[in-house]
Amino acid sequence: MEYLIIIAILLFAIINYFRSGEKFYKFISDSSNRLYDKYAPYSFKHIRKKIKDMGMDLSPKEYLIQYLIFVGGAFIISYLYFYNIIVSIIYSILVIAIVPYLSYLRCKRIYSEFIFEQIQTYTTNTIMEFQITQSFVKALEGVYSSGVLEDPVKSDVKYMIDLAYQNGDIKESIEYMNSKYDYYMTRNMHQLFLQITKEGSRDSSDVLGNMLLDIDQLVEAVYSDRMDRKTFHGKFILFGVALYFMVILIQLLLTVDTYIQILDNIFVYIALHILLIVNTYFLLKGEKYYNENVGAE
C-alpha cells in the first residue's frame, strides 16, 4: 500500500509540473503523431487526416487522460494480482501500446460511419436527380454540383462522370464505384440504372420509388444495429473490467496473507499472468468487433 501511495504522489507531481502551458498535453500529442506517421499504413493516415478535418479526433488532453487511465489501471490491477512493484511497472509500460491501437479502431469506426452516410446520400440523391433528368450521367452531375457530398466520395463521383464522357458509356463508371464502395444499395442502384440505360424504360418512377424505400429501410436497420452495438459495448466493457477484479473476491475468501503465500507457487504465478493476458485479449477482441465494419451492410 505504501508503494501505491508513493506512485500516486509522484504521478500527481509529474502531471502538475507538465500541465503548465499544457506542455505535457503537447508532448503526448506530438509523440502519438510521430508514431502514427512512422508506422501507420498510408490508408490509415488518410483516414486519420479525414477524422481530424471532421473535428472528431481526440484532443491532446483526452489522449493524456486515456494514457493515465490505462497506465494507472494496469498498475493497480497487476499489483492486486502479484503484489510486486516491478511487475506492475512492466505491465504499466506494456499497456501504453494499447492506446494507439484503440485510437486506430476508433478512427476506422468513425470513418466507416461517415462513408456509409455519404453513400446513403449519394444513392438517394442520384435516384431523385434521375427522376428529373432521366439520365444517369446528368443525375451524377446534379449530385456532384449540389454540394451534398464530401471527399472522398465527391471526388469519386467526379471521376465517374469523367469516365462516362470519356467512354461514352456508364459501365466502367459503375464498375469503378462498385469496386470502391461495395455496398448493397450502390450495387442495386447501379444495376437498375445500367438496365434502364441499356434497355430503356418508359416509366421507371415506381421502381425508383421502391428503391428509395428499400434504402430507407436498410439505413434504419443499420442505425438500429449501431445503437444495439453501443449498448452491448458498454455492458461488455463493464463485464470485462469486472473479471479483472475477481482476484479481490479470491483474496477475500482466502485472506490476503494466504493469497500472497500461494503466489510462491510458480504454476499459480504463471496462471495469473495467463489470466491477465487472456482477459486483456478478450477485451481487445470485443473492441475490435465493436469498431470494425460499423455502418457496413
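Along the sequence shown, residues carry numbers from 1.
Within a 6.0 Å radius of CZ in Phe239, no more than 12 heavy atoms belonging to other residues, nucleotides or ligands are found. Atom CE of Met54 sits in a crowded spot, with more than 12 heavy atoms from other residues, nucleotides or ligands closer than 6.0 Å.
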Subject >> Worked verdict on Tyr281 versus Val278 for side chain to side chain contact (heavy atoms under 4.5 Å, CB included) >> reply: CA-CA 5 Å; Tyr281 177 77; Val278 168; 5.5 Å; no
Subject >> Tyr122/Leu140 under side chain to side chain contact (heavy atoms under 4.5 Å, CB included): CA gap, chis, key distance, verdict >> reply: CA-CA 9 Å; Tyr122 160 71; Leu140 292 179; 3.7 Å; yes
**OP:** Please report the C-alpha distance between Thr186 and Met177 in whole Å, then the side-chain angles of each, then the deciding distance to 0.1 Å, and finally whether the side chain to side chain contact (heavy atoms under 4.5 Å, CB included) criterion is met.
**Re:** CA-CA 8 Å; Thr186 53; Met177 201 65 170; 5.7 Å; no
**OP:** Test side chain to side chain contact (heavy atoms under 4.5 Å, CB included) on Glu141 and Val157 and set out the steps.
**Re:** CA-CA 8 Å; Glu141 289 178 332; Val157 170; over 6 Å; no
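From Asp151, atom CG reaches atom NZ of Lys158 across 12.0 Å, with rounding to the nearest 0.5 Å. Note that the NZ atom of Lys138 and the CD1 atom of Ile161 stand 10.0 Å from one another [nearest 0.5 Å]. The structure places CD1 of Ile174 at 5.5 Å from NE2 of His190, a figure rounded to the nearest 0.5 Å. Note: Cys107 SG to Ile51 CD1 = 5.5 Å, rounded to the nearest 0.5 Å. Here the CD atom belonging to Glu117 is positioned 9.5 Å from the OG atom belonging to Ser112, to the nearest 0.5 angstrom. Remark: Asp57 CG to Glu62 CD distance equals 9.0 Å, nearest 0.5 Å.
Taking the six-membered ring for Trp, Tyr290 and Phe232 have ring centres at least 6.0 Å apart. Taking the ring centroids of Tyr159 and Tyr176, they lie under the 6.0 Å cut-off.
When the side chains of ILVMFWY residues are joined at heavy-atom separations under 4.5 Å, either directly or via intervening members, Ile270 and Val268 end up in two distinct hydrophobic clusters. Taken together through direct or relayed side-chain contacts under 4.5 Å among Ile, Leu, Val, Met, Phe, Trp and Tyr, Ile69 and Ile98 form parts of separate hydrophobic clusters. No single ILVMFWY cluster, assembled from side-chain heavy atoms under 4.5 Å apart, contains both Ile65 and Val95. Note on Val241: it clusters hydrophobically with Ile77, by side-chain heavy-atom contacts below 4.5 Å among ILVMFWY residues. Under a hydrophobic clustering in which Ile, Leu, Val, Met, Phe, Trp and Tyr are joined whenever their side-chain heavy atoms come within less than 4.5 Å, directly or via other members, Leu252 and Phe82 fall into the same cluster.
Side chain of Tyr91 to main chain of Ile86: no donor-acceptor pair is present (N/O by atom type, distance under 3.5 Å, no hydrogens or angles). In this structure, Gln251 contributes its side chain and Leu80 its backbone to a donor-acceptor pair below 3.5 Å. Formation of a donor-acceptor pair under 3.5 Å by the Asn291 side chain with backbone atoms of Glu287 is found in this model. Side-chain N or O atoms of Glu113 include none that pairs as donor or acceptor with a backbone N or O of Ile110 at under 3.5 Å. In this structure, the side chain of Asn167 does not engage the main chain of Asp169 through any donor-acceptor pair within 3.5 Å. Formation of a donor-acceptor pair under 3.5 Å by the Ser92 side chain with backbone atoms of Ser88 is found in this model. Of the possible donor and acceptor atoms, one in the side chain of Ser146 sits under 3.5 Å from a partner among the backbone N and O of Val143. A donor-acceptor distance shorter than 3.5 angstrom exists from the side chain of Tyr259 to the backbone of Tyr81, with no hydrogens or angles considered.
Taking both residues in full, the closest heavy atoms of Leu163 and Ser173 are given as CB-OG, 3.3 Å, listed atom of the first, atom of the second, then distance. Among all heavy-atom pairs drawn from Val137 and Ala164, the shortest one is CG2-CB, 3.7 Å. In terms of heavy atoms, Ala139 sits closest to Thr126 at CB-O, 3.7 Å. The shortest heavy-atom contact between Met211 and Asn188 is CE-O, 3.6 Å. Contact between Thr280 and Leu276 at its shortest, heavy atoms only, is OG1-O, 2.8 Å. Nearest heavy atom pair, residue Leu149 against residue Lys154, reads O-CD, 3.6 Å.
Ser145 is linked by a side-chain hydrogen bond (donor to acceptor under 3.5 Å, both in side chains) to nothing, counting only residues two or more places apart in sequence or in another chain.
No side-chain heavy atom of Tyr184 sits under 4.5 Å from any side-chain heavy atom of Met189. The shortest distance between side-chain heavy atoms of Phe116 and Ile119 does not fall below 4.5 Å. Two residues are said to be in side-chain contact when any heavy atoms from C-beta on lie closer than 4.5 Å; Tyr181 and Ile115 meet this criterion. Residues Met227 and Thr231 fail the side-chain proximity criterion, which asks for heavy atoms closer than 4.5 Å. Contact annotation: the side chain of Met160 never approaches that of Ile170 to less than 4.5 Å [non-hydrogen atoms, C-beta and beyond]. Tyr83 has its side chain out of reach of Ser78: every pair of non-hydrogen atoms, C-beta onward, lies at least 4.5 Å apart. Put simply, the side chain of Leu283 reaches to within 4.5 Å of the side chain of Tyr244, judged on heavy atoms. Annotation: side chain of Ile93 is not in contact with side chain of Ile90 (no heavy-atom distance under 4.5 Å).
Using the six-membered ring where Trp is involved, Phe282 and Phe236 have ring planes that are tilted, between 30° and 60° apart. Using bins of under 30°, 30° to 60° and over 60° for the plane-to-plane angle, the ring pair Phe193/Phe130 lands in the tilted bin.
Leu272 pairs in a side-chain contact (heavy atoms from CB on, under 4.5 Å) with only one of the listed residues (Val87, Ile277, Ile250, Leu263), which is Leu263.
Taking the ring axis of Tyr289 as reference, the NZ or CZ atom of Arg229 stays within 45° of it and closer than 6.0 Å to the ring centre. The side-chain tip of Lys50 does not point at the ring of Tyr111 from less than 6.0 angstrom away and within 45° of straight on.
A donor and an acceptor atom, one from each side chain of Tyr183 and Thr123, are nowhere located under 3.5 Å apart. If you check the side chains of Ser103 and Tyr63, you find a donor sitting under 3.5 Å from an acceptor. For the residue pair Asn265 and Tyr269, no side-chain donor N or O sits within less than 3.5 Å of a side-chain acceptor on the partner.
Residues Arg187 and Glu175 are not paired through a salt bridge, judged by the lack of any N-O separation under 4.0 Å between the basic side chain and the carboxylate.
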